Amino acid sequence: MTANPLLNGLNEPQFQAVTLPPRSALILAGAGSGKTRVLTTRLAWLISTGQVSPHGILAVTFTNKAAKEMLARLTAMLPMNARGLWIGTFHGLCNRLLRAHWREAGLPQLFQILDTADQLSAIKRMLKALNIDDEKFPARDLMYFINSAKEQGLRPNEVEAWDDFARKRVELYQSYEAQCQREGVVDFAELLLRCFELLSRNEPIRAHYQRRFRHILVDEFQDTNVLQYRWLKLLAAQGSEHEAAVMAVGDDDQSIYRFRGAEVGNMRDFEREFHVDSVIRLEQNYRSHGNILDAANAVIKHNDGRLGKNLWTEAGSGEPLRVYEAFNDIEEARWVVEEIRALISDGAARSDIALLYRSNAQSRVLEHALFSAGIPYRVYGGLRFFERQEVKHALAYMRLIANPHDDTAFTRVVNFPTRGIGARSLEQLQDAAQAHGTSLYGALNFLTGKAAQSVGHFIGLVDQLRFACEGLKLPEMVEQVLELSGLRAHYQNEKEGQDRIANLDEIISAATNFISEEGYAQVAAEDEAAPPDPLAAFLSHASLEAGEHQADAGQSAVQLMTVHSAKGLEFDAVFLGGLEEGLFPHENSILEREGLEEERRLMYVAITRARKRLYLSFAQSRMLHGQTRYNLRSRFFEEIPAELMKWLTPPANARGFGGFGNDRAAQPVASSNPRTFGSARKSGGNATGFHVGQQVTHAKFGAGVIVNAEGSGSDARVQVNFGRDGVKWLALAVAKLSAA
DNA sequence: TTAGCTGGAGTTTTT
DNA sequence: CTCCAGCTAA
């Protein structure tokens, strides 16, 4: 064994992964298996053993947080100058490449990055200018269409279109591209696609980076999309004699972003195309007790086509999973609060307790209960700093300084604070711009009358800002913008404007930090590039790294978040609520196998967040979209071995979920709940005379089969499969159903 | 220009 | 139910 202290304390597979010879490898890293440690130690080991200089490394992540953590841990292990190290997100790295080679990429030097909200408003503006019926082509759908095309690496001329509707969408994709090019802006997907095209079309640039990067490490590989994988193949010179060593680290069981283009299949493709001869599995878990891991393993086993992995731990089996069946969502929340109180009085820190749910709508009831109980909590997932309207307004003024032809920024602030430029003036301006093929800024000369005056005034302001900021440092520039634009004054006059002013001031600090900290320095370290423009760099930073989800740190608080945002985190105690059919697994995913398997992976992620204690709960009824819904408990309960669970409510009876199979045929409607709740059961028992699996006839839909039932008494509803007429929910009190 | 209304939709999210 | 976008009236 080596004496290298870096390798101390690694388990066998970790050690193997860290010290692999320079060939491409796939590391299957289970939840809590020390993945980040392996990645960073691998980097440190490669560098410290002289196998590669920091210059020859490319490490790619999905989030800024992950990139920062990797960098921090690496420099802690191996003190070095971070300059020349390429560690970042796909988008951040592509931005860096495009800034360095903007000319070759066909972009203006100070191109701006549109975030999702900017992109949507750009599309809306385009649809309006082209007089497109937005009923037929909703901006959101079009955005989704464009982004998914780009994520597959497809330009408009490469998208297949077989009917008029599809052809029109492609045409709109084309116009959108033209608009972006005209305005000098790129959206997130464009960053990647443009960078990919730059590398594939420009031989010298491609060769340069292919020669440079000898070791490429990819984190969360299961989340890569088609384009990202192609980008990696290209940079790695895959298939050539100069192929770099790519270490792909990921977990197919934790792939939960299919809906935004992630392609788990990339893992198998990688294995084949990069001729991976050894797949290393990190299966020892350092996070959870045995029962929790057993539950997770048992659930995920129900998925097909896994690469295969089984988590284990040296820790004991620990406590059983605690299962609670609530009467309704409110009662579920009440119970959660009660348990949290008990945990806290047993000495648990609030921040070690997490409440996880499938969809954001579920947080409301929980928040209400926590608030009433006076328990501090924190909800993840709100607006982030650079997404706040006052911050975006200020940034829009700054974008106009960098590029007055940025129409997205222009429209955002042309009348904010209000300066008498209403819809009709703007319309005139837009028409003029359209007619003369120029930006809104450039269209002033074609205006006449009152509009010319008011718009002229605003354009004067933009020019004034540009002159006033000439040569200023970034924070001073922000200060100027806040004053001259009238933003600060505007919010000072507003009743509730104090928070907004505080956020505006926060931009100044953000700018100060940005200049002195890594973000800017990293770009500045780029050897090939001209010194970057601090303003453009700051604006990129704002788009690519929208900041914390919520600023409040304050006192230790219970953590509330969706299962998606909990990925990568861990807590001593985890409450997983709303485990009901239709909610989790979500009804929109239940129909196709792929969707259901992703829900199951989501369940796997949720379970593996818990260190010591895991609570699972579901409610017999809950308020959703203003209606009371009666759901069956989630099928995932049937996938967890019964001996791992301790029921805090009378244990489930034989009504277990069994899909639509025969084993449910005897389930009586209106008697499915193991507990009764007084008046909730008005006409108790099996009074309706119907049961799941029964053949029935409906006056309008004809013959059908009852496939599902929920509720009781006058609320009882049955789901009936009418075959060609589809599956319908019918209230027994209303629908005229008769036994066939 | 803005307040107030109406209608429609309503998983998951990072960059 | 509750949030939003988009429209109408003042």
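Note that the structure is predicted; figures quoted are calculated from it, not measured. Throughout, protein chains are lettered first and strands after them, A, B, ... in sequence-line order, and every chain is numbered starting at 1. Keep in mind that the numbers below use all heavy atoms, side chains included, and drop hydrogens, waters and symmetry copies.
Here dT13(B) presents its C1' atom at 12 Å from CD of Glu151(A), a figure rounded to the nearest Å. The distance from atom CZ of Phe416(A) to atom P of dT1(B) is 13 Å, rounded to the nearest whole Å. Rounding to whole angstrom units, CD of residue Glu427(A) and P of dT1(B) are separated by 13 Å. Regarding Leu602(A), its CG atom lies at a distance of 12 Å from the C1' atom of dT13(B), rounded to whole Å. For the pair Tyr144(A) OH and dT12(B) P, the computed distance is 15 Å after rounding to whole Å. Rounded to an integer number of Å, the gap from CD of Glu587(A) to C1' of dT12(B) is 14 Å. Rounded to whole angstrom, the span from the CE atom of Met143(A) across to the C1' atom of dT15(B) amounts to 12 Å. Rounded to whole Å, atom P of dT14(B) lies 17 Å from atom CD1 of Ile113(A).
Distances shorter than 4.0 Å separate none of the side-chain N or O atoms of Asn95(A) from OP1 or OP2 on dT15(B). Ser543(A) has no side-chain polar atom (N or O) that falls below the 4.0 Å cut-off from OP1 or OP2 of dT15(B).
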Atom pairs under 3.5 Å, N or O on each side, protein against nucleotides 4-10 of chain B: can you list them with distances?
residue: dG10(B); atom: N3; partner: His625(A); partner atom: ND1; Å: 3.3

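Residue-level contact check: Leu93(A) touches neither bases nor backbone, having no heavy atom under 4.0 Å from any strand. Counting non-hydrogen atoms under 4.0 angstrom, Asn360(A) reaches the backbone sugars and phosphates but no base. Among the atoms of the strands shown, none is found under 4.0 Å from any heavy atom of Asp115(A). At a threshold of 4.0 angstrom between heavy atoms, the contacts of Tyr257(A) are confined to the sugar-phosphate backbone, with no base atom among them. Using a 4.0 Å heavy-atom distance criterion, Glu190(A) is classed as making no nucleic acid contact.
Positionally, the nearest nucleotide of DNA chain B for Ile256(A) lies more toward the 5' end than for the other of Phe188(A) and Ile256(A). Residue order along DNA chain B, read from the 5' end via each residue's closest nucleotide, puts Ser359(A) first among Ser359(A) and Leu544(A).
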DNA chain B in dot-bracket, Watson-Crick or G-U pairs under 3.5 Å, [ ] crossing, | other strand? ||||||||||.....

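Among the nucleotides dT11(B), dT12(B), dT1(B), the one closest to the side chain of Asn415(A) is dT1(B). When distances run from any side-chain atom of His91(A) to the nucleotides dT1(B), dT11(B), dT15(B), the shortest one goes to dT15(B). In the set dT15(B), dT2(B), dT13(B), dT15(B) carries the atom at the smallest distance from any side-chain atom of Asn64(A). Comparing dT14(B), dT12(B), dT11(B) by their nearest atom to the side chain of His564(A) picks out dT12(B). Of the candidate nucleotides dT13(B), dT1(B), dT11(B), dT11(B) has the atom nearest to the side chain of Ser589(A).
Not counting sequence neighbours, the partners of Ala511(A) by the side-chain contact (heavy atoms from CB on, under 4.5 Å) test are Leu474(A), Pro475(A), Val478(A), Phe538(A). Residues passing the ring-ring contact (aromatic ring centres under 6.0 Å, His included) test with Tyr144(A): none are found, sequence neighbours excluded. With sequence neighbours excluded, the residues satisfying salt bridge (charged side-chain N to carboxylate O under 4.0 Å, His left out) with Glu587(A) are Arg629(A). Among residues two or more places apart in sequence or in another chain, the salt bridge (charged side-chain N to carboxylate O under 4.0 Å, His left out) test is passed with Asp219(A) by Lys35(A). In this structure His393(A) satisfies the ring-ring contact (aromatic ring centres under 6.0 Å, His included) test together with Phe416(A), sequence neighbours excluded. Partners of Glu197(A) by salt bridge (charged side-chain N to carboxylate O under 4.0 Å, His left out), not counting sequence neighbours, listed by chain and number: Arg155(A), Arg201(A). For Glu263(A), there are no salt bridge (charged side-chain N to carboxylate O under 4.0 Å, His left out) partners at least two apart in sequence or on another chain. The side-chain contact (heavy atoms from CB on, under 4.5 Å) search around Thr411(A) returns Arg125(A), Leu426(A), Gln430(A), Leu440(A), not counting sequence neighbours. Take Val365(A) and apply the side-chain contact (heavy atoms from CB on, under 4.5 Å) test, not counting sequence neighbours, and it matches Asp329(A), Ile330(A), Ala333(A).
Here Tyr377(A) and Phe371(A) keep their ring centres 6.0 angstrom or further from each other. In summary, the aromatic rings of Tyr209(A) and His101(A) are positioned with their centroids under 6.0 Å apart.
Judged by ring centres under 5.5 Å apart and planes tilted less than 30 degrees, Phe259(A) stacks against the six-membered base ring of dT12(B).
When the P atom is used for both dC4(C) and dT13(B), the distance is 15 Å, rounded to whole Å.
Cation-pi geometry between Arg399(A) and Phe410(A) is not satisfied (NZ or CZ under 6.0 Å from the ring centre, within 45° of the ring normal).
No hydrogens or angles considered: a donor-acceptor pair under 3.5 Å links the side chains of Asp187(A) and Tyr176(A). Side chain to side chain, Glu599(A) and Ser589(A) meet the donor-acceptor criterion of an N or O pair below 3.5 Å.
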Assign a letter to each nucleotide of nucleotides 2-10 of chain C from its 5' end: B, base within under 4.0 Å of a protein heavy atom; S, sugar-phosphate only; -, no contact. SS-------

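A donor-acceptor contact under 3.5 Å is formed by the side chain of Thr116(A) with the base of dT15(B).
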